[in-house]
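Written out below as structure tokens is the structure these notes cover.
Side chains included, hydrogens not; waters and symmetry mates left out as well; all remaining heavy atoms used. Keep in mind the model is a prediction, meaning the values are calculated, not measured.
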Amino acid sequence: MSLNAALAQRLEDIARMMDLTGEDTFKAIAHSRAARAIDALPPDVATLDKKQLLEIEGIGQKIADKIVEFVQHGHIKEHDELRAKVPPGLLEMMTIPGLGPKTVRSIWQTLDITTLPALKKALDDGSILTVPRMGQKAADKIKASIALTEQGAQRMALGLALPIAQRIVERMKKVKGVKEAAYAGSLRRGRETVGDLDILVSTTDPIAATKAFTTMPGVVSVIASGETRSSIRLAVAEDVGRWEAEGQRGDAFTGPSIQADLRIIPPASWGAALMYFTGSKDHNIRLRGHALDQGLTLNEYGLFPEDKSKTPPQDRGIEPVASKTEEEIYARLGFPWIPPELREDRGELSLKETPRLIELADIKCELHAHTTASDGSMSIEELAALAKAHGYHTIAVTDHSKSSVQANGLSVDRLLTHVEAVRKAAEKAKGITILAGSEVDILADGRLDYEDKVLKQLDVVVASPHTALSQEPEVATKRLLAAIRHKYVHILGHPTGRLINRRAGLSPDIATLIAAAKEHHVALELNAHWMRLDLRDTHLRAAVEASCLISINCDTHAPGDMDNIVYGVMTARRGWVTPALCINAWGAKKLDAWLKAKR
DNA sequence: GCCGTTTTCGGCCCGACTGTTTTCAGTCG
């Protein structure tokens with residue numbers, strides 16, 4: 001775990017323990033906000049002095065002192081003191097959906113329950129019912145929620161969630177009375193994982209839409225169902241690398257599932273609702289603040305004049321000043337339209353105009369792909385045909401190097417034979433450039449898996465770490481720096497080696513890598529596979545600020561893999577990547593000149 | 001605890017749904 005992540009965890013724990021001890025809620029919120037700010041921070045906090053810390057939004061004198069204390073001593077006194085007061089099991093209890101600080105505190109003080117097993121016992125023997133405001137229904141819900149958490153319900157990867165959401169949207173569009181349907185939430189913002197699916201529908205027949213939603217195939221339970229909102233759990237099943245909603249299941253279903261929420265939106269409020277439910281929460285809070293500054297109030301029904309009344313304006317027949325489209329609401333507040341991927345309260349409201357971020361149509365080549373020579377499923381010709389079908393001008397054949405034994409990596413002899421075959425295919429190919437390259441292993445000590453005289457013969461070299469992915473951050477930084485500084489390396493492939501929800505990967509000092517990559521004209525890869533998305537959004541943002549080159553690649557092994565570019569582009573946009581900085585968006589000539597400059 | 005183009009004090013986003021109440025607290029997003 002990186003220092004930033006460890007610190008963010010401490011601050012978040014402080015916030016949660018404050019909730020539990022009945023401390024001022026706003027104090028807890030402030031710590032929680034600071035935790036998120038630290039978590040999204042590209043530079044290592046240890047490299048920042050107090051003055052720089054204070055420049056970060058949401059960090060003031062007190063929290064800055066706590067950060068300095070953590071960096072210098074490895075712990076925070078206030079954290080230690082709270083830990084002494086608050087049993088650790090309570091924090092675990094609070095991770096159960098539906099169990100908030102008030103309820104956990106109430107259970108703690110009434111029954112002296114401080115662990116999850118003790119809570120389960122109280123739920124089973126009925127003693128939980130002696131807690132104030134705790135009835136049988138609430139107890140049943142908590143019980144079901146614990147069961148769900150224990151079976152490992154975690155945030156679903158973007159690449160698994162998006163196809164499911166798209167299918168639900170298509171289904172809802174066919175329901176009688178439905179005018180518009182769309183997905184929102186973190187999925188629309190392109191986050192690497194999503195907790196649930198937010199589906200928005202505007203319709204003349206809310207009852208039909210609600211019924212269609214709560215009874216569609218795959219629904220295992222209906223969590224809530226009202227006039228404007230319904231929540232369900234959907235069973236999902238693996239299907240050729242994707243997950244999809246399965247057929248109807250009984251109550252006993254305990255397999256993987258995801259929550260989906262339906263919101264019924266009045267057509268006149270479509271833009272306001274889309275904005276509201278797209279979030280992020282922090283972006284919305286920031287926007288509302290700006291609205292209040294201008295004597296306006298913003299909710300999911302629109303932007304209204306603020307008049308301090310307790311009854312919401314839409315319930316008093318007050319006309320919004322903007323509500324139909326996102327564009328008009330942003331414009332009325334004095335902002336350009338902000339692309340969903342940017343709405344994370346990371347400075348996007350300082351933009352004077354909508355930035356020209358990278359788009360799917362900008363991608364013109366794939367520079368990291370495998371064939372049957374190593375662990376891919378396509379021949380050179382099939383790979384080239386696929387790239388051509390995607391409208392690309394160039395495809396790079398980059399099979400694994402010799403140390404990747406598990407991936408049938410190529411010995412020097414096999415590589416040279418393979419390069420011959422690639423060159424022959426390139427001569428015959430029409431309308432596409434085929435490059436001979438390698439995805440060469442960066443060995444644990446930073447050396448590359450082939451000698452220089454071999455690498456020199458290749459058109460493109462992608463250097464990637466595949467083993468020793470638990471190295472200490474300092475060792476990993478040195479290792480990757482060595483690869484970046486290597487004179488024949490073009491691209492640093494999936495730099496951290498992480499696998500979402502499965503493997504943390506390396507935690508190198510990203511700022512150092514970015515500076516070196518910039519200096520040595522090396523592109524940092526954003527591996528577009530939804531299991532990787534490596535580099536991640538915050539790293540990319542730091543790279544963009546340093547004008548470092550980015551390469552978005554699908555790491556293609558099989559025909560469907562090139563479609564993962566969607567997730568790469570979404571992630572790149574979250575990192576504010578522009579077409580100019582993305583070498584895959586360059587024309588063939590510019591790319592060729594850049595590649596040859598290293599030979 | 002943070003923050004400030006009316007503020008260094010007094011605010012801090014806002015609404016839906018559920019369950020336990022009988023007018024509202026808690027949680028979520």
Side-chain angles (χ1 to χ4, degrees), chain A residues 11 14-15 18-19 23-37 53-67 78 94-107 129 131-142 145 184-189 194-200 206 210 222-231 259-265 269 272-273 275-304 306 308-315 334 345:
Chain A
L11 291 172
I14 289 176
M18 282 175 164
D19 282 335
E23 182 71 78
D24 177 21
T25 338
F26 292 112
K27 242 168 109 169
I29 290 172
H31 281 82
S32 199
R33 264 195 67 185
R36 284 200 301 277
L53 288 172
L54 287 171
E55 284 169 8
I56 299 168
E57 189 82 43
I59 293 179
Q61 288 290 341
K62 296 247 180 78
I63 292 184
D65 284 338
K66 288 175 203 177
I67 294 173
E78 187 178 14
M94 269 175 66
T95 62
I96 305 295
L99 266 187
K102 299 276 169 53
T103 311
V104 169
R105 183 159 193 245
S106 182
I107 293 170
L129 298 172
V131 173
R133 298 190 62 84
M134 180 65 66
Q136 191 59 51
K137 277 192 171 177
D140 289 346
K141 276 199 157 181
I142 294 169
S145 194
S186 50
L187 187 64
R188 183 164 177 244
R189 301 201 310 280
V194 300
D196 56 21
L197 308 175
D198 293 300
I199 309 295
L200 268 49
T210 302
V222 178
I223 302 161
S225 183
E227 284 176 31
T228 65
R229 203 191 105 193
S230 300
S231 292
Q259 182 170 329
D261 296 341
L262 177 76
R263 318 276 177 165
I264 310 271
I265 313 296
S269 305
M275 261 173 91
Y276 183 84
F277 292 112
T278 297
S280 67
K281 194 176 169 182
D282 290 335
H283 177 83
N284 284 352
I285 289 172
R286 182 76 58 190
L287 271 180
R288 280 162 198 275
H290 283 283
L292 288 175
D293 290 346
Q294 298 174 40
L296 299 166
T297 179
L298 178 65
N299 63 28
E300 60 263 54
Y301 294 97
L303 186 62
F304 297 88
E306 167 69 20
K308 305 277 176 201
S309 167
K310 277 192 178 161
T311 312
Q314 68 275 8
D315 293 348
D345 191 25

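Partners of A/S269 under the side-chain hydrogen bond (donor to acceptor under 3.5 Å, both in side chains) rule, at least two apart in sequence or in another chain, do not exist in this structure. By the side chain to side chain contact (heavy atoms under 4.5 Å, CB included) test, A/T103 pairs with A/L99, A/I107, A/M134, sequence neighbours left out. Among residues two or more places apart in sequence or in another chain, the side-chain hydrogen bond (donor to acceptor under 3.5 Å, both in side chains) test is passed with A/R33 by none. Remark: A/R189 pairs with A/E344 by the side-chain hydrogen bond (donor to acceptor under 3.5 Å, both in side chains) rule, at least two apart or across chains. With sequence neighbours excluded, the residues that form a salt bridge (Lys or Arg N to Asp or Glu O under 4.0 Å) with A/E57 are A/R286. In this view, A/D65 and A/K50 satisfy the salt bridge (Lys or Arg N to Asp or Glu O under 4.0 Å) rule, not counting sequence neighbours. With sequence neighbours excluded, no residue forms a salt bridge (Lys or Arg N to Asp or Glu O under 4.0 Å) with A/D196.
A/H31 NE2 to A/R36 CZ: the interatomic distance, rounded to the nearest 0.5 Å, is 13.5 Å.
Rounding to whole angstrom units, CG of residue A/L99 and P of B/dC28 are separated by 8 Å. Regarding A/N299, its CG atom lies at a distance of 8 Å from the P atom of B/dC14, rounded to whole Å. In this structure, A/I107 places its CD1 atom 13 Å from C1' of B/dT27, rounding to the nearest Å. Atom pair A/I29:CD1 and B/dC14:P shows a separation of 13 Å (rounding to whole Å applied). The nearest whole Å value for the distance from the CD atom in A/E78 to the P atom in B/dG1 is 6 Å. At whole-Å resolution of the value, CD in A/E300 and P in B/dA16 are 6 Å apart. Summarising the geometry, the separation between CD1 on A/I199 and P on B/dG29 is reported as 15 Å, rounded to the nearest angstrom. Rounded to whole Å, the distance from CD on A/E306 to P on B/dT6 is 16 Å.
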Under 3.5 Å, N/O pairs linking protein and nucleotides 2-4 of chain B:
| unit_1 | atom_1 | unit_2 | atom_2 | d |
| --- | --- | --- | --- | --- |
| B/dC2 | OP1 | A/G60 | N | 2.7 |
| B/dC2 | OP1 | A/G60 | O | 3.3 |
| B/dC2 | OP1 | A/I63 | N | 3.2 |
| B/dC3 | OP1 | A/G58 | N | 2.7 |

Can you check nucleotides 7-10 of chain B for protein contacts, nitrogen or oxygen pairs under 3.5 Å, and list what you find?
none

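With a cut-off of 3.5 Å on both pairing distances, B/dT8 has no Watson-Crick or G-U wobble partner at all.
In the region residues 275-283 of chain A, proximity to DNA chain B at under 4.0 angstrom, judged on heavy atoms, holds for A/Y276, A/K281.
Proximity of A/Q61 to A/L54: side-chain heavy atoms (C-beta onward) are separated by under 4.5 Å at one or more points. With a 4.5 Å cut-off on side-chain heavy atoms, A/Q259 and A/S231 count as touching. Residues A/Y276 and A/R288 form a side-chain contact, since some pair of their non-hydrogen atoms from C-beta on lies under 4.5 Å apart.
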Item to complete: Any chance you could list the contact pattern along nucleotides 18-26 of chain B? Use B for base contacts, S for sugar-phosphate-only contacts and - for none, protein heavy atoms under 4.0 Å, 5' to 3'.
Response: SBB---BBS

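No engagement by A/N284 is indicated, since no non-hydrogen atom pair under 4.0 Å with the nucleic acid exists. Contact annotation for A/T25: no contact, since no heavy-atom pair falls under 4.0 Å across all strands. No engagement by A/L287 is indicated, since no non-hydrogen atom pair under 4.0 Å with the nucleic acid exists.
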Discussion item. Show, in sequence, the C-alpha distance, side-chain angles and deciding distance for A/D261 and A/F277, and conclude whether the side-chain contact (heavy atoms from CB on, under 4.5 Å) test is met.
Written reply: CA-CA 11 Å; A/D261 296 341; A/F277 292 112; over 6 Å; no

Side-chain donor-acceptor pairs of residues 291-300 of chain A under 3.5 Å, sequence neighbours excluded:
| unit_1 | atom_1 | unit_2 | atom_2 | d |
| --- | --- | --- | --- | --- |
| A/Q294 | NE2 | A/L333 | O | 3.1 |
| A/N299 | OD1 | A/Y301 | N | 2.7 |
| A/N299 | OD1 | A/G302 | N | 3.2 |
| A/N299 | ND2 | A/Q314 | OE1 | 3.0 |

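When each of A/S230 and A/R288 is assigned the nucleotide of DNA chain B bearing its nearest heavy atom, the one mapping closer to the 5' terminus is A/R288.
The minimum heavy-atom distance between A/I96 and A/I142, with the atom names listed, is CG2-O, 4.4 Å.
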